[in-house]
Amino acid sequence: PFAGNSDQNILDVRGRLDLTYKGVTNWVFYARGDWTGGHDNMNAAGGLGPVPLFGTGIVVGPATILQQTDDDYFFQKYSAGARWYPTRGVTLDAGGYYKLDEYNYDNVVDSTPNNSFNRYPAYLVIQNFETYDGNFRVTLRPLRNLTLVTHYEYQYANIYTTPDPNSLLSGVESSTMNSQILGQDVSWAPWSRLYLQAGFNFVLSETKTPASDVTQAILAAQNNYWTVNFSSGFVLDNKTDLKLGFFYYMANDNTDNSSAGVPYGAGGEEYGITATLTRRISEHLRISLKYGFSHYNDLAFGGNQDFTSQLIYTSLQYRF
């Protein structure tokens, strides 16, 4: 028998600054800064604890957890880019961003000494997540009712981790991630009452840790996947709209490394459909009804996380 409980309080303050310059014909230049500062207080107690072996009187199992952690964090993101309209039917976008998320943990109460064999959960004191991103997009409009968008993005991210000084261990670059994202979207409006949209995305992503360079027990994690989505909107009458959607997701990167260590890598298949009916009752009042169905096949956990879900959602909106 076991019991555990925890509580958490979070406070965030966010700010953003946008700058746009349009002083050059057919060009738009932009820059943006995003900042978030916050504080998080978490208390945890209980969990899996020592239990007696039947008929022996011997008690085995880990001690229960008692933890209180105050977490101060600061997120900052700086973006810049440019958009060029070389001709009426072509738009070129290029940009990128730098993002740094900083966490500082103050472990006020910790029932697992960080110079012992069992150091978690209150073990880390600093974690920094740093991301560099560059992206490029081409938008083509060969016809007035047809739009093609091709997108490429490259991301490099790393995580710096510093444990409790009592562990006698120094900070380390605990992981790095390289990702490439390729996307293609098509939008077509064959009729004033109907639009069709389709999209395809392919992601190549790998996460490495220092351990993956020295032991077969921990492999570099492959997180490649691809998605397909389709949506359509149809105006039934002057007050009623119908929207239909479909999506499909596939990742097949899980590696059976159980003979040497823990298997890593994404592995899953998911698909779903949605249908949304919206009715404008008056100029200010509208109501909508949505139904959704999705199914997920788990590839990395032997089917133990498979699920099927259905959603029924309704909303009433009044616009002043």
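Start at 1 with the first residue, then count along the sequence. Bear in mind that the values here come from a model prediction, so they are computed numbers and not experimental data.
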| message | In terms of relative ring orientation, are Tyr98 and Tyr78 parallel, tilted or perpendicular, with 30° and 60° separating the classes? | response |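 Because their plane-to-plane angle is under 30°, the rings of Tyr98 and Tyr78 count as parallel.
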| Taking the six-membered ring for Trp, are Tyr123 and Tyr120 parallel (under 30°), tilted (30 to 60°) or perpendicular (over 60°)? |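 Answer is perpendicular, since the angle exceeds 60°.
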Between [X] and [Y], does the ring centre distance come in under 6.0 Å?
{"X": "Trp35", "Y": "Phe74", "result": "no"}
{"X": "Phe75", "Y": "Tyr73", "result": "yes"}
{"X": "Phe320", "Y": "Tyr318", "result": "yes"}
{"X": "Tyr103", "Y": "Phe129", "result": "yes"}

| task | Check step by step if salt bridge (charged side-chain N to carboxylate O under 4.0 Å, His left out) holds for Arg279 and Asp237. | result | CA-CA 10 Å; Arg279 176 74 175 178; Asp237 57 41; 3.5 Å; yes
| query | Would you say Trp84 and Val138 are hydrophobically clustered, going by side-chain heavy atoms of ILVMFWY under 4.5 Å? | reply |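 Same hydrophobic cluster.
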| said: Tell me which one of Tyr249, Tyr248, Tyr296 satisfies side-chain hydrogen bond (donor to acceptor under 3.5 Å, both in side chains) with Glu269. | reply: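 The side-chain hydrogen bond (donor to acceptor under 3.5 Å, both in side chains) with Glu269 is passed solely by Tyr248 among Tyr249, Tyr248, Tyr296.
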| field | Partner of Val186 by side chain to side chain contact (heavy atoms under 4.5 Å, CB included), out of Val149, Leu148, Leu196 | value |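 With Val186 as partner, side chain to side chain contact (heavy atoms under 4.5 Å, CB included) holds for just one option, Leu148.
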May I ask you to check whether over 12 heavy atoms, not counting those of [X], lie within 6.0 Å of atom [atom1]?
{"X": "Tyr313", "atom1": "OH", "value": "no"}
{"X": "Tyr225", "atom1": "OH", "value": "no"}
{"X": "Ile312", "atom1": "CD1", "value": "no"}

| Does one side chain, of Thr69 or Asn107, offer a donor that lies under 3.5 Å from an acceptor on the other? |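 Short answer, yes.
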Can [X] and [Y] be counted as an ion pair, charged N to O under 4.0 angstrom?
{"X": "Asp34", "Y": "Lys77", "value": "no"}
{"X": "Asp241", "Y": "Arg280", "value": "yes"}
{"X": "Asp18", "Y": "Arg16", "value": "yes"}

